[in-house]
There are 2 protein chains.
Amino acid sequence: MNKIRPYRQIIECLRGAGLRPTRQRMALAKMLFEGEGRHVTAEVLHNESISNGVSVSLATVYNTLNQFTAAGLLREIVVDGERSYFDTTTTDHHHFFHTNTGELEDIMADDVIMQNLPVPPMGTKITSVNVIVRVSPA
Amino acid sequence: MNKIRPYRQIIECLRGAGLRPTRQRMALAKMLFEGEGRHVTAEVLHNESISNGVSVSLATVYNTLNQFTAAGLLREIVVDGERSYFDTTTTDHHHFFHTNTGELEDIMADDVIMQNLPVPPMGTKITSVNVIVRVSPA
DNA sequence: ATTAATGCAAAATCTTTGCACTTTC
DNA sequence: GAAAGTGCAAAGATTTTGCATTAAT
């Protein structure tokens, strides 16, 4: 339903974060944002990039993912200590984690989960709330 | 309020998991279960052990934590990709994560959060639900 | 031309493993 | 004494970093 994020917007956002729209960044951005709700690891994105004939080093993929995250284009999701996932959906939502395949899947915001937030400890404020629902084959 | 977990029970549980109650395991168990609701990393537990004059290698601490987790004495909590936390409370509950200090804190079960679970994807069943509420100094 | 980004390999972390030695049963 | 556990160091895995080269403004 949603339109894919237009290039212009990506370039804007990169510029806003002080990042030049280089060939590699634009190529990675294209792969990331042409679809919707992608959940990628650095390795997956690197492989995809190579497959598409775009030569990028793994280090650059890591750097780029971190820069995109800092710029607000991506959100980092921690599910297991093994690897970092980056989610192209940056609005509030939660995840199913398929423990057998290692895949992440969005939980639609409509499947309301959070009813009342807990009171944060004295002297602290809530930064974010993360819900991971682990699922396995029935 | 709760009584600390008696040694007998630990030994039983270890035996049940086919683990011999060795000096190192008992020492680590003592440190872990004498208090309540501890959240330790391997490194913290290792340091604590050394401080208490119990010589244990870091590798053994890792192995022991994993074995205890497999035996159901501990629960592993994933908050950031940097390190693994092990929680001595194995009943269902969720956590505050102090992003500045790296500390984990239990959210009392009474601060009800989950009202209705989302429907798991076709062909899958829910294994566990994990809520991490990140907090930082106000 | 200036300034920043890239790539590679090396470093840094955290965690696991292999193997000789020690402890438990 | 047989079987399992421990310790150390080395290996693994993921992510970051340093520096020379390349590309962007």
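It should be emphasised that the depicted structure is a prediction, and the values quoted were computed from it without experimental measurement. Order of the sequence lines fixes the chain letters, A, B, ..., with proteins taken first and strands second; residue numbering starts at 1 for each chain. In what follows, every heavy atom counts, from backbone to side chain, and hydrogens, waters and symmetry copies are set aside.
Here dT17(C) presents its P atom at 14 Å from CG of Leu58(B), a figure rounded to the nearest Å. The CZ-P distance, from Phe68(A) to dA5(C), rounds to 12 Å in whole Å. Atom CD1 of Ile50(A) is separated from atom P of dT6(C) by 14 Å (rounded to the nearest Å). In this structure, the CZ atom of Phe86(B) is 7 Å from the P atom of dT15(C), given to the nearest Å. Whole-Å rounding puts the Glu43(B) CD to dT13(C) P distance at 10 Å. Distance Gln67(A) CD to dA4(C) P: 13 Å, rounded to the nearest Å. Atom CD1 in Ile11(B) sits roughly 13 Å away from atom P in dT24(C) (whole-Å rounding). The distance between atom NE2 of His46(A) and atom P of dT16(D), rounded to the nearest whole Å, is 15 Å.
Comparing the axis of the opening five pairs of the helix from dA1(C)-dT25(D) to dC25(C)-dG1(D) with that of the closing five pairs yields an angle of 30°, rounded to 10°.
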Nucleotide N/O to protein N/O under 3.5 Å, stretch nucleotides 17-25 of chain D:
residue, atom, partner, partner atom, Å
dT25(D), OP1, Arg15(A), NH2, 3.3

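For dG5(D), one of the phosphate oxygens OP1 or OP2 lies less than 4.0 angstrom from a side-chain nitrogen or oxygen of Arg25(B). In this structure, Asn66(A) reaches the dT16(D) phosphate: one of its side-chain N or O atoms is under 4.0 Å from OP1 or OP2. Close to dT6(D), at under 4.0 Å from its OP1 or OP2, lies no side-chain N or O of Thr60(B). Residue Tyr62(B) has a polar side-chain atom (N or O) positioned under 4.0 Å from OP1 or OP2 of dT15(C).
Using a 4.5 Å cut-off between side-chain heavy atoms of Ile, Leu, Val, Met, Phe, Trp and Tyr, Ile50(B) forms no hydrophobic cluster with any other residue. In this structure, Ile132(A) belongs to a hydrophobic cluster whose other members, linked by side-chain heavy atoms under 4.5 Å apart, are Ile77(A), Val79(A), Tyr85(A), Phe97(A), Leu104(A).
Scored by the side chain to side chain donor-acceptor pair (under 3.5 Å) test, Ser55(A) finds no partners at all (sequence neighbours excluded). Considering only residues two or more places apart in sequence or on other chains, Thr99(A) meets the side chain to side chain donor-acceptor pair (under 3.5 Å) condition with none of them.
The structure places CG of Asn47(B) at 11.0 Å from CG of Asn52(B), a figure rounded to the nearest 0.5 Å.
The neighbour count for Glu76(B) CD, taken as heavy atoms of other residues, nucleotides or ligands under 6.0 Å away, is above 12.
Side-chain atoms of Ser49(A) come within 3.5 Å of backbone N or O of Val54(A) as a donor-acceptor pair.
As judged by a 4.0 angstrom heavy-atom cut-off over every strand, Ser84(A) is placed among residues touching the sugar-phosphate backbone only. Residue contacts for Glu82(A): at a heavy-atom cut-off of 4.0 Å it reaches the sugar-phosphate backbone alone, with no base atom in range.
Nearest heavy-atom pair, Pro137(A) versus Lys125(B), reported as atom, atom and distance to 0.1 Å: O-NZ, 3.1 Å.
You'll find the side chain of Val56(B) stays beyond 4.5 Å of the side chain of Leu45(B), heavy atoms only. A heavy-atom distance below 4.5 Å is not found between the side chains of His94(A) and Val133(A).
Proximity note for Ser57(B) (side chain, C-beta onward) versus dT14(D), dG7(D), dC14(C): the nearest is dG7(D).
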